[in-house]
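Predicted model, so just to flag it, every value in this text is computed and none were measured. Proteins get letters first, then strands, A, B, ... in listed order; numbering begins at 1 in each.
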Amino acid sequence: MNRVRVRFAPSPTGFLHIGGSRTALLNWLFARNKGGSFVLRIEDTDRERSTPEYLNAIIEDLRWLGLDWDEGPECGGDFGPYLQSERSESYAPHVEKLLKTGDAYHCFCSPEELEERRSRGQATDGGWIYDRKCLEFGDDERDSLLAEGRPSVVRFRVPTGKTSFDDMVLGKIEFDNAELDDLVIVRQDGTPTYNFAVVVDDLEMAITHVIRGADHISNTPRQIVIWKALGHEPPTFGHQPLVLAPDKQVMSKRRGAIAVGEYRRRGYVPEAVVNYMALLGWSYEGDQEFFSLDELLQNFDMGRASKKPASFDPNKLDWMNAHWLKKLDVADRTERVIPFLQAEGLLAETLGPEERSHLEQVVELLDDRLKVLTDIVELAGFFLAPDVVYDKIAVSKVLAKPGAEEILVGLHKVLSECPDFQPETLEGAMRKFAEDAELSLGKVVQPLRVALTGRTASPGIFETLSLLGRKVSLARIDAARGLTA
RNA sequence: GGCGCCAUCGUCUAGCGGCUAGGACGCCGGCCUCUCAAGCCGGUAACACGGGUUCGAUUCCCGUUGGCGCUACCA
């Protein structure tokens, strides 16, 4: 049995979105699980649309997800180059071979002629495949046309019969070759087309398993016939159902597809994104839903992959992200939250040990209230900014109510007189205050909460008070008195 | 139009001839409680349709419908 070699072959004509990264993940899992190699090949033959920016973004996103590859454009390998645009010389010998065996032929039909025959064909009986007009030419005729410089393409001559393959996820799939066009494998400008380049690249890179999106199912028989004409057994194919956007539309660059990098910027952690993608179209025996990359590696089994296109559910991703955030220890969570606070100017570019430890206390107090890392800005702003931003509704619902003023005045006194500012001490003092005033604790707490945080929701009030400290707390109570009725 | 793939709660799914059709997200209600989260408990909600096969179909076969993909000198 040959050593497993798989590849992820994106074209740098856009950002990596959930669908593409899921394909990458599946390939990675398969390779790692089998102890094989994972190759990153960049299909950048579409010079018009490919850009180095997209290439860099794709590499960055894959790394962020935690996927690594053994061979690729930036790290090299024994089967390079890994940029398809640099492999141009490897296609010609194969074309020659096919031309010699008669499995390919020159076609002089112009795009305009073809277009005309195609539309006429479609008008009469729906479909149209190339009519093999140029197959009629004798050798001499063809050579003279070539000699006089008539523009031509090379077409692959699809054999008769049926082509079938055993798909790793879909099972047996069969096509009648009569449905297949004599596809162009070399363009007028001499460059290879996708279906041909893929075969040659996969062949030369010794790829054993092709795991890709279901949008390639119809390409598979075309590629298989080329593999065979080239004298090789095709690799094993596995087609993953497409990922649909929440509205059931296919994820695409213009319709709802969010780049992986965008998830990073929105405060999702890679653990959650990976876990969610794995669950999209795959399930584990039993009810386990949480998987680290390593656990996926141990348990992933292509046989349990769903055949049905899955639609992406942002709610579940949020839930999953919150879960992974909860699992992180405080130091780690703090670390990840820092860039988001810095971006908002709530934190200096460099942190001293004291600032860091203060931030850790804030993060610890916030506990599991973060759904995405960016929530930190809203939730911790009042701890980090000098001034409180008062929420209008909170003020009108709580501070502007009768009695609020008296409570704040009373609390100011109680807090001034507390022997220390530990949560337990504060709780005792405030409970006593409430009791004496014949008020429920809640009635007392809410005005204080709004005074301190500007909002009606926050972590526990005693811990918040304690972390804010006496000086700040009292100052904020004073400031809030200006907002009471 | 042709060819191909697919079809269980709104969504992700378990199921591989006999189940009160299970779980998860969301949603609703409750508990907890100083608020908000979290947590716990409970509820809501599905086998697309029609034929077969079978003692018995969500499950197997065929058809219909629907969704999606491909149908380029794009990848």
Side-chain angles (χ1 to χ4, degrees), chain A residues 9-11 13 43-46 48-50 84 107 109-111 114-115 118 122-123 125-129 151-155 167 170-171 173-176 178-181 183-195 197-198 213-222 239 241-242 244 246 248-250 276 279-289 304 306-320 322-323 326 366-371 375 379 394 398 427 430-431 434 440-446 448-450 453 455-462 464:
Chain A
S11 43
T13 55
E43 312 214 322
D44 58 346
T45 49
D46 184 346
E48 299 289 302
R49 299 189 297 145
S50 299
Q84 210 169 43
C107 169
C109 301
S110 72
L114 289 171
E115 186 47 49
R118 181 155 29 229
Q122 278 169 343
D125 59 0
W128 186 81
I129 62 174
S152 67
V153 300
V154 178
R155 283 183 186 273
D167 192 275
L170 268 10
I173 298 178
E174 185 176 76
F175 289 84
D176 191 330
E179 300 294 335
L180 271 31
D181 216 21
L183 65 160
V184 171
I185 58 174
V186 180
R187 301 184 185 97
Q188 253 177 40
D189 66 6
T191 58
T193 58
Y194 169 74
N195 279 117
V198 165
D215 49 340
H216 286 289
I217 292 175
S218 319
N219 284 326
T220 305
R222 304 173 214 280
H239 291 94
L242 268 14
L244 310 179
K248 285 280 185 188
Q249 296 293 298
V250 171
Y276 181 72
L279 246 36
L280 209 53
W282 177 78
S283 64
Y284 189 58
E285 45 186 302
D287 293 333
Q288 187 178 346
E289 291 217 276
R304 289 190 65 88
S306 168
K307 297 177 175 186
K308 185 187 160 190
S311 82
F312 179 84
D313 180 4
N315 275 329
K316 193 147 184 176
L317 208 215
D318 282 353
W319 167 78
M320 186 131 274
H323 166 85
K326 267 185 275 179
L366 253 21
D367 196 38
D368 47 28
R369 267 163 267 250
L370 299 178
K371 256 194 161 58
D375 286 344
L379 297 179
V398 179
E427 178 162 6
M430 281 182 60
R431 282 191 186 277
S440 69
L441 186 60
K443 282 272 184 271
V444 174
V445 164
Q446 279 309 80
L448 178 60
R449 189 186 310 279
V450 177
T453 70
R455 339 161 38 102
T456 54
S458 81
I461 196 68
F462 311 116
T464 300

J.: Are side-chain heavy atoms of A:L170 and A:I217 found at a separation under 4.5 Å?
T.: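 Yes - at least one pair of side-chain heavy atoms lies under 4.5 Å apart.
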J.: With a 3.5 angstrom cut-off on both distances, give the Watson-Crick or G-U wobble partner of B:C31, or none if there isn't one.
T.: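 Result: B:G39.
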J.: Polar atoms only, N or O, under 3.5 Å: list the protein pairs with nucleotides 34-36 of chain B and their distances.
T.:
{"unit_1": "B:C34", "atom_1": "OP1", "unit_2": "A:R431", "atom_2": "NH2", "d": "2.9"}
{"unit_1": "B:C34", "atom_1": "O2", "unit_2": "A:R449", "atom_2": "NH2", "d": "2.4"}
{"unit_1": "B:C34", "atom_1": "N3", "unit_2": "A:I461", "atom_2": "N", "d": "3.2"}
{"unit_1": "B:U35", "atom_1": "O4'", "unit_2": "A:Q446", "atom_2": "OE1", "d": "3.4"}
{"unit_1": "B:U35", "atom_1": "O2'", "unit_2": "A:T456", "atom_2": "O", "d": "2.9"}
{"unit_1": "B:U35", "atom_1": "N1", "unit_2": "A:R449", "atom_2": "NH2", "d": "3.2"}
{"unit_1": "B:U35", "atom_1": "O2", "unit_2": "A:R449", "atom_2": "NH1", "d": "3.4"}
{"unit_1": "B:U35", "atom_1": "O2", "unit_2": "A:S458", "atom_2": "N", "d": "2.7"}
{"unit_1": "B:U35", "atom_1": "O2", "unit_2": "A:S458", "atom_2": "O", "d": "3.0"}
{"unit_1": "B:U35", "atom_1": "N3", "unit_2": "A:R449", "atom_2": "NH1", "d": "3.3"}
{"unit_1": "B:U35", "atom_1": "N3", "unit_2": "A:S458", "atom_2": "O", "d": "2.5"}
{"unit_1": "B:U35", "atom_1": "O4", "unit_2": "A:G460", "atom_2": "N", "d": "3.4"}
{"unit_1": "B:C36", "atom_1": "O2", "unit_2": "A:R369", "atom_2": "NH1", "d": "2.6"}
{"unit_1": "B:C36", "atom_1": "N3", "unit_2": "A:R369", "atom_2": "NH1", "d": "2.4"}

J.: Just the table, please: protein N/O against nucleotides 14-16 of chain B N/O, every pair under 3.5 Å.
T.:
{"unit_1": "B:A14", "atom_1": "OP1", "unit_2": "A:S283", "atom_2": "OG", "d": "3.3"}

J.: Need the pair for B:C55. Rule: Watson-Crick or G-U wobble, both distances under 3.5 Å, any strand; none if unpaired.
T.: B:G18
J.: Select base, sugar-phosphate, or nothing to describe what A:K326 touches, counting heavy atoms under 4.0 Å on all strands.
T.: sugar-phosphate
J.: For nucleotides 24-29 of chain B, print each protein N/O atom paired with a nucleotide N/O atom at under 3.5 Å, atom names and distance only.
T.:
{"unit_1": "B:A24", "atom_1": "O4'", "unit_2": "A:E289", "atom_2": "OE1", "d": "3.2"}
{"unit_1": "B:A24", "atom_1": "O2'", "unit_2": "A:E289", "atom_2": "OE1", "d": "2.4"}
{"unit_1": "B:A24", "atom_1": "O2'", "unit_2": "A:K316", "atom_2": "NZ", "d": "3.2"}
{"unit_1": "B:A24", "atom_1": "N3", "unit_2": "A:K316", "atom_2": "NZ", "d": "3.2"}
{"unit_1": "B:C25", "atom_1": "O2'", "unit_2": "A:K316", "atom_2": "N", "d": "3.3"}

J.: Look through every strand shown and name the nucleotide pairing with B:A24 as Watson-Crick or G-U wobble, where both distances are under 3.5 Å.
T.: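 Its partner is B:U11 (Watson-Crick or G-U wobble, both distances under 3.5 Å).
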J.: Using the P atom in both, what is the distance from B:G1 to B:G51, to the nearest Å?
T.: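 Result for the P pair: 26 Å, nearest Å.
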J.: Using the C1' atoms only, state how far B:C60 lies from B:C47, rounded to an integer number of Å.
T.: 15 Å
J.: NA contact type, A:V184, heavy-atom cut-off 4.0 Å: base, sugar-phosphate, or nothing?
T.: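 It contacts sugar-phosphate atoms only.
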J.: Rounded to whole Å, how long is the line connecting atom CG of A:D181 with atom P of B:U71?
T.: 10 Å
J.: Work out how far the C1' atom of B:G2 is from that of B:C61, and round it to whole angstrom.
T.: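 B:G2 and B:C61 have their C1' atoms separated by 25 Å.
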J.: Provide the closest heavy-atom pair for A:M320 versus A:L279 in the form atom of the first, atom of the second, distance.
T.: CE-CD2, 4.1 Å
J.: Considering every strand shown, what is the Watson-Crick or G-U wobble mate of B:A46 when both distances are under 3.5 Å?
T.: none
J.: Taking the side chain as C-beta and beyond, is there a heavy-atom pair between A:T220 and A:H239 under 4.5 Å?
T.: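 Yes. Closest side-chain heavy atoms under 4.5 Å.
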J.: Using every non-hydrogen atom in the two residues, find where A:A310 and A:G281 come nearest and quote the distance to one decimal.
T.: CB-N, 4.3 Å
J.: Expressed as a whole number of angstroms, how long is the span from A:D215:CG to B:A72:P?
T.: 16 Å
J.: Does the gap between the ring centers of A:Y194 and A:H216 come in under 6.0 Å?
T.: yes
J.: Taking the C1' atom in each of B:A57 and B:A38, what is the distance between them to the nearest angstrom?
T.: 44 Å
J.: Send over the distance from A:I129 CD1 to B:C73 C1', rounded to a whole Å.
T.: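 Computing the A:I129:CD1 to B:C73:C1' distance gives 17 Å.
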J.: Considering residues at least two apart in sequence or located in another chain, which fulfil the side-chain hydrogen bond (donor to acceptor under 3.5 Å, both in side chains) criterion with A:T456?
T.: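 With neighbours one apart ignored, the set is empty.
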J.: Would you tabulate the side-chain donor-acceptor contacts of residues 311-319 of chain A under 3.5 Å, counting partners in other chains and residues two or more places apart, or write 'none'?
T.:
{"unit_1": "A:D313", "atom_1": "OD1", "unit_2": "A:N315", "atom_2": "N", "d": "3.0"}
{"unit_1": "A:K316", "atom_1": "NZ", "unit_2": "A:E289", "atom_2": "OE2", "d": "3.2"}
{"unit_1": "A:D318", "atom_1": "OD1", "unit_2": "A:Y268", "atom_2": "OH", "d": "2.4"}

J.: Could you state the interatomic distance from CD (A:Q188) to SG (A:C107), rounded to the nearest 0.5 Å?
T.: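 Taking CD in A:Q188 and SG in A:C107, the distance rounds to 9.5 Å.
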J.: Please report, rounded to the nearest Å, how far the P atom of B:A75 is from the CD1 atom of A:I185.
T.: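 Rounded to the whole Å, the gap is 13 Å.
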J.: How close do A:D375 and A:L370 get, counting heavy atoms only, and between which atoms?
T.: CB-CD2, 3.8 Å
J.: Any heavy-atom pair between the side chains of A:E179 and A:P221 that's under 4.5 Å?
T.: no
J.: Rounding to an integer number of angstrom, what distance separates B:C34 and B:C41 when you compare their C1' atoms?
T.: 23 Å
J.: Under a 3.5 Å limit for both distances, which nucleotide forms a Watson-Crick or G-U wobble pair with B:C73, could you say?
T.: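 Here B:C73 is not engaged in any pair, so there is no nucleotide opposite it.
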J.: Okay, side chain of A:T193, backbone of A:V184: is any donor-acceptor separation there less than 3.5 Å?
T.: yes
J.: Between A:R449 and A:P459 (side chain of the first, backbone of the second, donor and acceptor by atom type, cut-off under 3.5 Å), is there such a pair?
T.: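 Yes.
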J.: Pairing check on B:C5: which nucleotide meets the Watson-Crick or G-U wobble criteria with it, both distances under 3.5 Å?
T.: B:G67
J.: Identify whether any heavy atom of A:T45 sits under 4.0 Å from a base atom; if not, whether one sits that close to sugar-phosphate; answer base, sugar-phosphate or nothing.
T.: sugar-phosphate
J.: Give a yes or no on whether the backbone of A:K326 and the side-chain of A:D368 come within a donor-acceptor separation of less than 3.5 Å.
T.: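 Not confirmed, A:D368 side chain does not pair with A:K326 backbone.
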J.: Checking A:S306 side chain against A:K308 main chain: does a donor-acceptor pair fall under 3.5 Å?
T.: yes
J.: Nearest whole Å is fine: how far is B:A72 C1' from A:N219 CG?
T.: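 Taking CG of A:N219 and C1' of B:A72, I get 11 Å after rounding.
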J.: Suppose you measure atom C1' in B:U64 against the same atom in B:G26; what distance do you get, rounded to whole Å?
T.: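 Result for the C1' pair: 33 Å, nearest Å.
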J.: Within the sub-3.5 Å range, which N or O atoms of nucleotides 3-7 of chain B have a protein N or O partner, and how far apart are they?
T.:
none

J.: Tell me which of A:R222 and A:F312 sits closer to the 5' end of RNA chain B, going by the nucleotide each one is nearest to.
T.: A:F312
J.: Any side-chain N or O of A:T193 under 4.0 Å from OP1/OP2 of B:A72?
T.: no
J.: Would you indicate whether the side-chain heavy atoms of A:L448 and A:M430 approach each other to under 4.5 Å?
T.: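 Of all side-chain heavy-atom pairs linking A:L448 with A:M430, at least one is under 4.5 Å.
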J.: For the residue pair A:L379 and A:L366, what are the closest heavy atoms and their distance?
T.: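 Of all heavy-atom pairs spanning A:L379 and A:L366, the closest is O-CD1, 3.9 Å.
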J.: Taking only the P atom of each, what is the distance from B:G23 to B:G43 in whole angstrom?
T.: 9 Å
